[in-house]
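The block underneath contains the structure these notes are about, expressed in structure tokens.
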Amino acid sequence: MDEDFKKQVYEVARLIPKGRVSTYGAIAKALGYPNHSRHVGKAMGGCPKDVPAHRVVSSGGLLSVPEFQSKLEAEGITVKGSRIKDFKRIFWNPMEELIDE
DNA sequence: TCTATGACTGGAA
DNA sequence: ATTCCAGCCATAG
């Protein structure tokens, strides 16, 4: 994984609005690596503190790190057993911010 | 609705 | 070369 890739992951993650969430797959796809969702997670593992890793979950609103549940709830997101309630409504699509041509 | 299972991906160790 | 990984999807039961 290139440093640029990580950097871009952090950049996108920081863009996630409070009270919204995104997914590893969506971010990976937005960066041009549709199948590198794992690398996003890997990058998040060593992300700086200013990156809200808790707003990045696995597909379908599943928390990869259950510890983040409390953080999400603190932002107004309802979580039921590692599952985000109304995930489809609060899902934030990074493609909307990274409109590439 | 849920849990397996398998194929896929590409970088790091 | 092999294994591991904070994933994703399709399919089967």
Side-chain angles (χ1 to χ4, degrees):
Chain A
M1 120 169 67
D2 295 323
E3 289 299 315
D4 287 336
F5 178 77
K6 277 200 283 186
K7 201 171 151 197
Q8 289 174 94
V9 171
Y10 303 152
E11 219 172 308
V12 174
R14 270 191 288 250
L15 291 174
I16 303 177
K18 186 182 178 186
R20 297 289 210 104
V21 295
S22 193
T23 70
Y24 299 105
I27 293 172
K29 192 173 178 183
L31 297 183
Y33 292 81
N35 307 300
H36 294 205
S37 46
R38 291 180 148 161
H39 286 170
V40 177
K42 212 61 166 6
M44 297 304 287
C47 70
K49 285 196 310 188
D50 55 305
V51 178
H54 59 279
R55 291 187 200 144
V56 183
V57 299
S58 42
S59 71
L62 257 188
L63 273 67
S64 35
V65 184
E67 306 292 311
F68 289 163
Q69 174 173 345
S70 50
K71 290 196 166 199
L72 292 171
E73 293 190 316
E75 299 197 350
I77 298 171
T78 305
V79 181
K80 292 286 180 193
S82 299
R83 268 260 201 145
I84 295 176
K85 178 118 167 108
D86 296 320
F87 170 69
K88 286 160 74 173
R89 292 186 212 217
I90 65 179
F91 173 69
W92 178 81
N93 189 345
M95 299 294 256
E96 293 176 1
E97 299 295 318
L98 302 175
I99 304 167
D100 62 89
E101 27 273 295

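As the structure is a prediction and not an experimental result, all values here were calculated from the model. Chain letters run A, B, ... following the sequence lines, proteins first and then strands; every chain starts at 1.
With sequence neighbours excluded, no residue forms a salt bridge (Lys or Arg N to Asp or Glu O under 4.0 Å) with Glu73(A). Pro66(A) meets the side chain to side chain contact (heavy atoms under 4.5 Å, CB included) test with Ser82(A); sequence neighbours excluded. Shown here are the side chain to side chain contact (heavy atoms under 4.5 Å, CB included) partners of Arg83(A), two or more places apart in sequence or in another chain: Leu62(A). Partners of Phe68(A) by ring pair (Phe, Tyr, Trp, His ring centres under 6.0 Å), not counting sequence neighbours: none found. Residues forming a side chain to side chain contact (heavy atoms under 4.5 Å, CB included) with Asp50(A) (at least two apart in sequence, or on another chain): Arg14(A), Pro48(A). Every residue two or more places apart in sequence or in another chain was checked for a side chain to side chain contact (heavy atoms under 4.5 Å, CB included) with Arg38(A), and none qualifies.
When heavy atoms are screened at a 4.0 angstrom cut-off, Ala53(A) is found touching base atoms of the nucleic acid.
Contact check of residues 71-85 of chain A against DNA chain C (heavy atom, cut-off under 4.0 Å) returns no residues at all. Near DNA chain C, meaning a heavy atom under 4.0 Å from it, residues 62-69 of chain A has Ser64(A), Val65(A), Phe68(A) in order of number.
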Output field dot_bracket for DNA chain C (Watson-Crick or G-U, both distances under 3.5 Å, | for other-strand pairs) contains .||||.|.|||||
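Under the 4.5 Å side-chain contact rule for hydrophobic residues, Leu72(A) and Phe91(A) share a cluster.
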Once base and sugar-phosphate atoms are separated, protein heavy atoms under 4.0 Å mark nucleotides 8-13 of chain C, 5' to 3', with B, S and - as SS----
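The aromatic rings of Tyr33(A) and His36(A) are tilted relative to each other, their planes meeting at an angle between 30° and 60°.
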Using atom types as modelled, flag every donor-acceptor pair under 3.5 Å from a side chain in residues 23-31 of chain A to any protein atom, sequence neighbours excluded.
unit_1: Thr23(A); atom_1: OG1; unit_2: Ala26(A); atom_2: N; d: 3.0
unit_1: Tyr24(A); atom_1: OH; unit_2: Val56(A); atom_2: O; d: 3.4
unit_1: Tyr24(A); atom_1: OH; unit_2: Ser64(A); atom_2: OG; d: 2.6

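At a cut-off of 3.5 angstrom, the base of dG10(B) holds no donor-acceptor pair with the side chain of His36(A).
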